[in-house]
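First the proteins, then the strands, lettered A, B, ... as listed; each starts at 1. As a basis for the values below, the full set of heavy atoms in this structure was taken, side chains included, without hydrogen atoms, waters or symmetry mates.
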Amino acid sequence: MSAPKPTLAVEDLCTYFFTKSGVVKAVDKVSFEIGAGEVLGLVGESGSGKTVTGFSIVGLIDQPGRIVSGSIRYKGEELIGASEERLRHIRGNRIAMIFQDPTMTLNPVLRIDTQLVEAITAHSDTDARTAWEQSRDALGQVGIPSPEERLKCYPHELSGGMRQRVAIAIAFLNKPNLIIADEPTTALDVTIQAQIIYEAQTLCRKTGTALLWITHDLAVVAGLADRICVMYAGRIVEEGGADNVIDRPLHPYTAGLIGSVPSHNRRGKRLAQIPGSTPSLLNLPEGCAFRTRCKFNDDTCLEEPEVTHPAKDRSLRCFHPVSRGPAP
Amino acid sequence: MSVTEDKAALIVRKPAAAGVETPFMRFRSDFTDSWVATAALAVLCLIILIAVFAPLIAPQNPYDLGQVDIMESRQPPGSRSFQGYIFLLGSDGAGRDLFSAILYGLRISLSVGAMSGVIALAIGSTVGLAAAYLGGRTEAFIMRVVDIQLSFPAILIALMLLAVFGKGVDKIMIALVTVQWAYYARTVRSSALVERSKEYVEAANCLGLSHKRILFRHILPNCLAPLIVVGTVQTAHAIALEATLSFLGVGLPQTEPSLGLLISNGFEYMLSGRYWISFFPGIALLVTIVSINLVGDQLRDVLNPRLQR
């Protein structure tokens, strides 16, 4: 790609889970890059490997899972196989993570200020007073009113939206270069969701932080991301600029996803749906994993589609790209 | 003081009172739901106070041989001593005022029970946390040791240890800790396993916090609820076990009788009509253990998330 080193470069990442009933290829040959200040939307259904991709990047894959091959480079530095010490330094400090469920990510027995302050002091020699002031400012930045009072609260005294803001504040606390947001707005209602997306966006623009936004919600990604990766059954099936992908999806799966978003214009008509359901990762169909649900399916699909670049800055894993417009 | 001033004070105080209900406030109101438990807690507090201030309340120091006269042994309740005070609950075989001896015995029983409980809790929870966090072989090894420990009757282990070590408060505490740490280890491990898989631990990991910090600062406080319950019940067990050991004559020295030893001393006179030497220490022991257990039961009901109303 271009000359400056991307904040994060993932190449051919394979994360497998070795379970009793077989090998689950949760992430299979996934590659993408995120530059500074860029927002990358990682879209896919549940079980498509989005979260595992995020966890692989921060090195938090638990047994029986393992990163089998591939490379994850943070500013050119290889993270796979890096020492625990080094990883801990990078985690939270240079790469932060925001989780899906705001009711679960804060420790219920510690006050908000304790949790923010320890995130700062874990990575720098800041004294408690300064750390506390930084925490207060961070809460203010994510739009929490009267942050000083909120700091004294326990998580259960805050609403879900508030808690997610706190989680976002913690993620931004050490001014990381990359934030991995794993469906951070799924548990929130739309108005709060919009606010939080707005906060995240402005913070990224302001600080030049790269953002990997993992979601199943195309609408969210459409308004937020610069580029979109669509994941299906552990693979990235399509990648490209956000507007490009939304307006002219090439992969039948992307087209299907876009087609199944309910819209005001098509009221009363039957919603387009992708027939069938996500195949079990234990026994994926041979060749293209989407084959069994795809209406363009033919004999060529029995072979595994390689990545092609049908246009500048677009990549695709499909033999039969949809020509134009969303699927009918 | 005028009426308006009072009203102003009320208005000022109201927002604070109507503010967010703290976990402690909810805990308190849940606990006091049961009047039995509340009464038990009151009795327990009273017993603890009596034990703490025993030297101020007791008419006699039963451990001071200068104050004890063998000539006054086995006096019935209500009789007058040579020094002029009344043997409220009679006197025992050595001429000790039973009321004083019970107060001092409570002191020993409670402190031995509580101290060994605290030490066992510290050891057990550290071991349990380590097992849950480290996993793998370490966990398997620790938990098998716990299983083996728990498969022996507590009284047997304690008896063997005391037979080796001899008598004394410190020795009996070692014995009690040895038989009890495993309960704490098992409790902490099971709840730490649950906590470890929760997202906030993952989030703390993502923040790059150290293992020590995650263990003791994040996981342990979340395991406190079951620990408190087990701690209360185990303290009652420890007191009962200490009494049993003393009754069997391997616990504490004769000169410093705990409740168990007092019961054992009067045991042989039970059928000769001198019931009070065993009876009153027995009642004291019973009330103590029952009240601790009642408090523990209520704590379990209140702190059990599955029974949360």
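With salt bridges taken as basic N to acidic carboxylate O contacts below 4.0 Å, one links A/Glu118 and B/Arg213.
With a threshold of 4.5 angstrom between heavy atoms, A/Ile180 does not approach chain B through any atom at all. Heavy atoms of A/Leu106 lying under 4.5 Å from chain B belong exclusively to its backbone. Of the atoms belonging to A/Glu85, not a single heavy atom falls under 4.5 Å from chain B. Residue A/Asp62 touches chain B through its side chain alone, counting heavy-atom pairs closer than 4.5 Å. Interface residue A/Val109: backbone and side-chain heavy atoms are both found under 4.5 Å from chain B.
Counting non-hydrogen atoms of other residues, nucleotides and ligands closer than 6.0 Å to CG of A/Asp125 gives a total of 12 or fewer. Within 6.0 Å of atom CZ in B/Phe53, 12 or fewer heavy atoms from other residues, nucleotides or ligands are found, so the atom counts as exposed in its surroundings.
Partner A/Thr105 forms a side chain to side chain contact (heavy atoms under 4.5 Å, CB included) with one of B/Glu202, B/Glu199, B/Lys198 and no other, that one being B/Glu199.
Of the possible donor and acceptor atoms, one in the side chain of A/His123 sits under 3.5 Å from a partner among the backbone N and O of B/Leu207.
Contact check for B/Cys206 versus A/Phe99: side-chain heavy atoms found under the 4.5 Å cut-off. Side-chain contact between B/Leu209 and A/Gln115 is absent, with no heavy atoms from C-beta onward closer than 4.5 Å.
Minimum interatomic distance between A/Ala122 and B/Gly208 (heavy atoms only, all atoms of both residues): CB-O, 4.5 Å.
Counting heavy-atom pairs closer than 4.5 Å to chain B, the top residue among A/Ala96, A/Gly59, A/Pro108, A/Pro155 is A/Pro108.
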